[in-house]
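Just below is one structure, and these are the notes that go with it.
Computed over heavy atoms, backbone and side chain alike; hydrogens, waters and symmetry mates excluded. By convention in this document, chain letters (A, B, ...) are assigned in the order of the sequence lines, proteins followed by strands, and residues within each chain are numbered from 1.
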Amino acid sequence: DGGITQSPKYLFRKEGQNVTLSCEQNLNHDAMYWYRQDPGQGLRLIYYSQIVNDFQKGDIAEGYSVSREKKESFPLTVTSAQKNPTAFYLCASSIIWGNTEAFFGQGTRLTVV
Amino acid sequence: QQQVKQSPQSLIVQKGGISIINCAYENTAFDYFPWYQQFPGKGPALLIAIRPDVSEKKEGRFTISFNKSAKQFSLHIMDSQPGDSATYFCAASTGSNYQLIWGAGTKLIIKP
């Protein structure tokens with residue numbers, strides 16, 4: 001089945017630790033995105049990548065880092081610099097940057113303990 | 001000016017009724033207006049989308065109405081069913097930026 005796979009589904013992190021969220025897609029999409037979702041708020045863009053080996057900061061990139069070494073993979077690292085990392089993280093992709101439909105993974109819920 | 005304001009925050013509708021969710025925007029450069037549906041524990045999925053050259057688009061029980069002069073667009077769900085219970089997000093983007101600007105979401109509950 002084609003789609004976007006995020007892992008793990010639930011993640012617990014101690015304060016001061018970095019943690020990496022995985023996102024893999026087999027849709028052959030060029031563009032990939034990371035969003036953060038908090039209760040009562042819309043999705044906020046963390047980083048996006050228009051093409052492999054390229055990525056750009058979104059609206060709330062501070063405390064996060066990404067890489068795009070392979071077309072199908074776009075991992076997100078939540079660093080200790082992120083002051084309030086507990087949230088639901090969503091990865092998405094689209095055929096090309098600017099294509100109208102974004103396909104989402106099932107999300108990773110990160111909790112800082 | 002980049003905001004998309006969505007209302008209501010939550011909505012309860014009887015089975016068979018009409019669910020209506022509204023969104024308003026300020027940026028007149030927005031030219032793409034999608035609605036996404038999200039079930040608990042899942043990622044959002046595109047439901048229906050409209051561009052400002054039409055005032056209405058219908059797909060099955062779902063209709064988007066677009067009022068360019070009022071800078072508003074809305075989602076109507078006809079004959080609402082319990083399976084429609086989900087969170088609905090409106091969004092908007094421009095042809096020059098493409099970044100989706102999201103509304104805060106509406107939690108819809110359809111009572112059987």
Report which part of Pro34(B) has an atom under 4.5 Å of a heavy atom belonging to chain A: side chain, backbone, both, or neither.
neither

Should Phe104(A) and Leu46(B) count as side-chain neighbours, where that means a heavy-atom distance under 4.5 Å?
no

Please indicate whether Lys107(B) has more than 12 foreign heavy atoms, meaning atoms of other residues, nucleotides or ligands, lying under 6.0 Å from its NZ.
no

Quick one: pull up CD1 in Ile101(B) and CZ in Arg44(A) and give me the separation to the nearest 0.5 Å.
12.5 Å

Same cluster (ILVMFWY, side-chain, under 4.5 Å), Leu27(A) and Trp34(A)
no

Please indicate whether Glu62(A) has more than 12 foreign heavy atoms, meaning atoms of other residues, nucleotides or ligands, lying under 6.0 Å from its CD.
no

When hydrophobic residues are tied together by side-chain contacts of less than 4.5 Å, even through go-betweens, does Tyr64(A) share a cluster with Phe74(A)?
yes

Check whether Tyr33(A) and Phe88(A) end up in the same hydrophobic cluster, where Ile, Leu, Val, Met, Phe, Trp and Tyr are linked by side-chain heavy atoms less than 4.5 Å apart.
yes

Which region of Phe39(B), side chain (C-beta onward) or backbone (N, CA, C, O), has a non-hydrogen atom less than 4.5 Å from a non-hydrogen atom of chain A, or is it both or neither?
neither

Just so I understand: if I count every heavy-atom pair under 4.5 Å between each of Gly103(B), Ala104(B), Gly43(B) and chain A, which residue has the most?
Ala104(B)

Which heavy atom in Gln37(A) sits nearest to a heavy atom in Phe89(B), and how many Å separate them?
NE2-CZ, 3.1 Å

Proximal component of Tyr48(A), with respect to chain B [non-hydrogen, under 4.5 Å]
neither

Taking atom OH of Tyr32(B) and atom CD of Glu101(A), what is their separation to the nearest 0.5 Å?
7.0 Å

Check each atom of Gln6(A) against the heavy atoms of chain B and say whether the ones under 4.5 Å are side chain, backbone, both or neither.
neither

Roughly how far, to the nearest 0.5 Å, is the CD atom of Gln99(B) from the CH2 atom of Trp97(A)?
6.0 Å

Grouping I, L, V, M, F, W and Y whenever their side-chain heavy atoms are under 4.5 Å apart, do Tyr35(A) and Leu11(A) come out in a common cluster?
no

Partner chain A: residue of Ala45(B), Ala49(B), Ser10(B), Gly41(B) with the largest heavy-atom pair count (under 4.5 Å)
Gly41(B)

What part of Gln38(B) gets closer than 4.5 Å to chain A, counting heavy atoms only: side chain, backbone, both or neither?
side chain

Shorter than 4.5 Å, heavy atoms on both sides: which option in Leu45(A), Leu43(A), Asp59(A) has the most such pairs with chain B?
Leu43(A)

Residue Glu59(B) excluded, over 12 heavy atoms near CD under 6.0 Å
yes

Report whether Tyr88(B) and Ile20(B) are members of the same hydrophobic cluster (ILVMFWY, side-chain heavy atoms less than 4.5 Å apart, transitive linking).
no

